[in-house]
Amino acid sequence: MLSNLKAQAPDKILMLIEEFKADTRQGKIDLGVGVYKDPQGVTPVMRAVKAAEHRIWESQTTKAYTGLAGEPEYRNAMASMILSDVPADRLASVATVGGTGAIRQALELARLANPDVRVFVSDPTWPNHLSIMKFMGLPFTEYRYFDGTTRGVDFDGMKADIAKAAKGDIVLLHGCCHNPTGANLTPEQWAEVADILQASGAVPLIDLAYQGFGDGLDADATGTRLIADRLPEVLIAASCSKNFGIYRERTGILMTLAENTAARDLAQGSMAYLNRQNYSFPPDHGARIVSTILTDAALRADWAAELEEVRNTMLGLRDQLASELRDLSGSDRFDFIAHHRGMFSRLGATPEQVAALKTEAAIYMVGDSRLNIAGLNRDTAPILARAIIDAGI
């Protein structure tokens, strides 16, 4: 049986990680892997996470299964953080295996509801979005999003393309800190997107993986909250990997907003059913860390303060890199880096220029020129700026 398997194409980002590890050059810089790193190059355990884990260790009396949907305390706390005003009569939710698991469950749910569903996805998007849809055999259409000239959002193109979605289709939107480009919609643009979706009857699926990494916890949820207020049906897939720094705990949530309580109950039952089919009971440790933090005033304040430190560190690196490039190039053509938000920006370099950065300067980034700002520090930002100019980008 196993000899009949076909070799799968390796993940390009995982390949890049292995290449970086094998590089013996001093001063090499990893801007590929999508995790936050502090100025010392470490992905730290947040203070509140350590405190919450200690509290859980002292008080937990069982390792029995949680519910199929996960613990209500976690789901309620996440809904409050994301939506602020929670419409309990419309909201259903389940804990998932990370944000990736939430995306997969959302697409499974959409296919259960509409076997002919199409998914409209931004060009570009997180590569795993496309990988999952291809594996599931879901038809998808890319809508214009990133303007390679301005390094901003091609909003006119986006509007024209998502207007082609029909009732029952899914339009996948990045809630904030667009991956891989870093280019975000404005609140006014979110309102226009809502108008288009209202007119078509298409259902938004919002991937909210970076809340708190852009302009702040509430500001980063502006688009998601606007869509939730305006539309009768919404799917929201959220991750705790980045804003709580618990990548390996695989902590996520899928939320649905339905038009009425009957539809909400159908969605809740269907999502619990999907959990049962895919992995039965969801993991609890990361979810319990998150709920412990979000329901304790002191822990939440300390977590929010440290998250602000992380966010401001990345903003400072963006400003520094843009300034270095402005001085070296004698132009403002790299100022988009300071305007982007989140961990990533897309430089607009060719694959050949990206390869040159790796070969000549030991600087690793994804082939589409997505760079992880959090892979820099104050000492390596000038090195990257000089290498970008020398590569002719």
Side-chain angles (χ1 to χ4, degrees), residues 75 78-87 90-94 96 98-110 113 117-122 124-126 128-130 132-133 140 143 145 153 155 158-159 161-162 165 168-187 189-198 200-215 217-243 252-259 267 271 341-342:
R75 295 187 286 123
M78 286 292 291
S80 180
M81 182 183 78
I82 293 168
L83 296 174
S84 185
D85 296 322
V86 180
R90 298 175 55 208
L91 178 68
S93 64
V94 289
T96 61
T100 303
I103 290 290
R104 177 62 184 261
Q105 298 295 66
L107 294 172
E108 294 276 14
L109 184 70
V117 67
R118 296 180 301 165
V119 183
F120 285 69
V121 61
S122 68
T125 192
W126 181 47
N128 215 25
H129 285 153
L130 303 182
I132 291 169
M133 289 185 286
F140 63 87
Y143 60 82
Y145 186 83
V153 177
F155 192 55
M158 177 185 181
K159 289 190 295 181
D161 289 346
I162 66 172
D169 285 338
I170 292 290
V171 176
L172 201 164
L173 303 163
H174 295 232
C176 67
C177 306
H178 186 273
N179 179 5
T181 71
N184 288 337
L185 298 176
T186 66
Q189 289 171 334
W190 276 105
E192 290 190 57
V193 168
D195 290 339
I196 294 169
L197 296 177
Q198 277 184 316
S200 69
V203 177
L205 164 54
I206 300 175
D207 186 351
L208 190 63
Y210 299 96
Q211 185 183 0
F213 265 37
D215 292 309
L217 273 170
D218 287 327
D220 288 347
T222 296
T224 301
R225 292 173 184 177
L226 186 150
I227 293 288
D229 287 342
R230 292 274 302 275
L231 295 176
E233 293 186 329
V234 182
L235 306 179
I236 303 168
S239 169
C240 300
S241 293
K242 279 75 178 179
N243 49 15
I253 189 169
L254 173 62
M255 301 190 298
T256 65
L257 293 170
E259 196 165 15
M271 290 192 294
R341 287 295 181 267

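In this chain, numbering begins with 1 at the start of the sequence shown.
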Separation between [atom1] of [X] and [atom2] of [Y], rounded to the nearest 0.5 Å:
X: Leu254; Y: Arg104; atom1: CG; atom2: CZ; result: 13.0 Å
X: Thr96; Y: Ile103; atom1: OG1; atom2: CD1; result: 9.0 Å
X: Lys242; Y: Leu208; atom1: NZ; atom2: CG; result: 11.5 Å
X: Leu197; Y: Asp169; atom1: CG; atom2: CG; result: 11.0 Å
X: Asp229; Y: Leu257; atom1: CG; atom2: CG; result: 9.0 Å
X: Asp215; Y: Cys176; atom1: CG; atom2: SG; result: 8.5 Å

Gln105 and Met271: CA distance, side-chain angles, deciding distance, side chain to side chain contact (heavy atoms under 4.5 Å, CB included) verdict:
CA-CA 7 Å; Gln105 298 295 66; Met271 290 192 294; over 6 Å; no

With heavy-atom distances below 4.5 Å as the criterion, would you say the side chains of [X] and [Y] are in contact?
X: Trp190; Y: Thr222; answer: no
X: Asn243; Y: Tyr210; answer: no
X: Val193; Y: Met158; answer: yes
X: Ile170; Y: Phe120; answer: no
X: Leu83; Y: Ile236; answer: yes
X: Tyr143; Y: Ser122; answer: yes
X: Met255; Y: Arg75; answer: no
X: Thr256; Y: Glu233; answer: no

Could you tell me which non-hydrogen atom of [X] sits nearest to which non-hydrogen atom of [Y], and how far apart they are?
X: Gly168; Y: Val117; value: O-CG2, 3.3 Å
X: Phe213; Y: Cys177; value: C-SG, 3.9 Å
X: Pro124; Y: His178; value: O-CE1, 3.3 Å
X: Pro204; Y: Ile227; value: CG-CG2, 3.6 Å
X: Lys159; Y: Glu192; value: NZ-OE1, 3.0 Å
X: Ala194; Y: Leu226; value: CB-CD2, 3.8 Å

Go through the steps for Val94 and Ile253 under the test side chain to side chain contact (heavy atoms under 4.5 Å, CB included), then give the verdict.
CA-CA 6 Å; Val94 289; Ile253 189 169; over 6 Å; no

Could you tell me whether the side chain of Gln198 and the main chain of Arg230 form a donor-acceptor pair under 3.5 Å?
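The answer is yes, because a donor-acceptor pair under 3.5 Å joins these two groups.
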
Worked check of salt bridge (charged side-chain N to carboxylate O under 4.0 Å, His left out) between Asp85 and Arg225
CA-CA 9 Å; Asp85 296 322; Arg225 292 173 184 177; over 6 Å; no

Is the gap between the ring centers of Phe140 and His129 under 6.0 Å?
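Phe140 vs His129: aromatic centres not under 6.0 Å.
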
Show the numbers, then the answer: is there a side chain to side chain contact (heavy atoms under 4.5 Å, CB included) between Val171 and Val203?
CA-CA 6 Å; Val171 176; Val203 177; over 6 Å; no

Does a side chain donor of either Asn184 or His174 reach within less than 3.5 Å of an acceptor in the other side chain?
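No.
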
Using a strict threshold of under 4.0 Å (side-chain N to carboxylate O), is an ion pair present between Arg341 and Asp220?
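Answer for the salt bridge query: no.
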
Between Arg90 and Glu259, is there a salt bridge with N-O shorter than 4.0 Å?
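No, Glu259 and Arg90 are not salt-bridged.
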
Could you give me the CA-CA distance, side-chain angles and deciding distance for Ser93 and Met78, then say whether side chain to side chain contact (heavy atoms under 4.5 Å, CB included) is met?
CA-CA 10 Å; Ser93 64; Met78 286 292 291; over 6 Å; no

